[in-house]
Amino acid sequence: MIIVETERVVLRNWRDEDRDLFREINRDEKVMAFFPFRRSHAECDLLFNRNRDMITGTGLGFYALADRDTDEAMGFCGLTPVDLPGILPEGSVEIGWRLATRFWGKGYVTEAAERLVEHGLTALGLAEIYAFAVQNNDRSIAVMRRLGMEHYGDRDFDHPKVPDTHPHLKRHVLYRTTARTLKIRKKRNDQFTQT
């Protein structure tokens, strides 16, 4: 099942042949630098199955981000429900991504996420999409900014699921985009290309 595609990438549901890549990105020290844990082989498989089932059942989840020409999975980029009571409204959806390090620096995440934001706000009819990251996760924050998401500094938060043993990972910045923001951004882009 293909969710969306761009010139270079496809976002689709996971397949069994993607398991090794999924395990890799959830255990890699660089990829997981801003997370307080690394998943075991069994934990990765459990999350893989749960995520694949969610995509099949709801259409939401962290989709496999694959090379359009080879169909090789490189990581994930997806829209998924987020449960952070008191921080985000009930029913909120976040966009998130994770990419194997050998694919970093090529713009795949930005390309996929840009298309996915448009899909979420138009085809899925979402009112808003959130993104958040540890406050010094410069790579992810740069993607949020490239997507035209707005920083809600007065709503930055200490993530309740980050244990006290990792205080440097608690503080998160919050970004958001809406259908209105997307329209404004598209209008600016159209004006820029016409001049």
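Given the structure is predicted, the values throughout are model-derived calculations rather than measurements.
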Rounded distance [0.5 Å steps], [atom1] in [X] versus [atom2] in [Y]:
X	Y	atom1	atom2	value
Ile2	Asp71	CD1	CG	7.5 Å
Trp14	Arg19	CH2	CZ	11.0 Å
Leu121	Ile129	CG	CD1	4.0 Å
Trp97	Met74	CH2	CE	15.5 Å
Arg23	Glu43	CZ	CD	13.0 Å
Cys44	Arg38	SG	CZ	11.5 Å

Shortest non-hydrogen contact between [X] and [Y], atoms and distance:
X	Y	result
Gly75	Ile25	CA-CD1, 4.1 Å
Lys170	Val162	NZ-O, 2.7 Å
Leu65	Cys77	CD1-CB, 3.9 Å
Leu21	Ala100	CD2-CB, 3.9 Å
Glu128	Thr178	CB-CG2, 4.0 Å
Pro36	Pro163	CG-CD, 3.8 Å

When you compare the side chain of [Y] with that of [X], does any pair of heavy atoms fall below 4.5 Å?
X	Y	result
Phe48	Asn26	no
Met149	Tyr130	no
His159	Val134	no
Leu88	Arg155	yes
Tyr175	Glu150	no
His166	Phe35	no
Pro81	Met54	yes
Glu72	Phe103	yes

- What do you reckon, is CD of Glu7 surrounded by more than 12 foreign heavy atoms closer than 6.0 Å? no
- Query: Should we say atom CG of Asp16 is surrounded by more than 12 heavy atoms from elsewhere, each under 6.0 Å from it?
  - Reply: yes
Do [X] and [Y] belong to the same hydrophobic cluster, where Ile, Leu, Val, Met, Phe, Trp and Tyr are linked whenever their side-chain heavy atoms lie under 4.5 Å apart, directly or via other members?
X	Y	answer
Ile55	Leu60	yes
Leu47	Val82	no
Leu124	Val4	yes
Ile87	Ile141	no
Leu126	Ile3	yes

- Could you check Thr80 against Glu94 for side-chain contact (heavy atoms from CB on, under 4.5 Å), going step by step and ending with a plain yes or no? CA-CA 6 Å; Thr80 192; Glu94 71 161 307; 3.7 Å; yes
- Leu79/Phe62 under side-chain contact (heavy atoms from CB on, under 4.5 Å): CA gap, chis, key distance, verdict: CA-CA 6 Å; Leu79 296 169; Phe62 291 122; over 6 Å; no
- Looking at the rings of Phe157 and Phe132, which for Trp means the six-membered one, are their centres under 6.0 Å apart? yes
Any sub-3.5 Å donor-acceptor pair from [X]'s side-chain atoms to [Y]'s backbone N or O?
X	Y	answer
Asp156	Leu174	yes
Ser92	Pro89	yes
Lys30	Thr101	no
Asp18	Arg15	yes

- Message: Test of understanding: with salt bridge (Lys or Arg N to Asp or Glu O under 4.0 Å), list the residues that count as partners of Arg68, not counting sequence neighbours.
- Response: Glu5
- Query: Going by atom types only, do Arg171 and Asn136 share a side-chain donor-acceptor pair under 3.5 Å?
  - Reply: no
- Item | Under 3.5 Å side-chain donor-acceptor pair for Thr6 and Glu111 | yes
- Message: Any salt bridge linking Arg39 with Asp45? Criterion: basic side-chain nitrogen under 4.0 Å from a carboxylate oxygen.
- Response: no
- Item | Pairing residues for Asp28 by the side-chain hydrogen bond (donor to acceptor under 3.5 Å, both in side chains) criterion, not counting sequence neighbours | none
- Check the pair Leu116 / Leu11 against side-chain contact (heavy atoms from CB on, under 4.5 Å), numbers first and verdict last. CA-CA 9 Å; Leu116 196 54; Leu11 295 178; 3.9 Å; yes
- Task: May I ask you to decide if the ring planes of Phe22 and Phe76 are parallel, tilted or perpendicular, using 30° and 60° as cut-offs?
- Result: tilted
- Message: side-chain contact (heavy atoms from CB on, under 4.5 Å), that's the test. Do Val31 and Leu99 meet it? Break it down for me.
- Response: CA-CA 7 Å; Val31 175; Leu99 201 64; over 6 Å; no
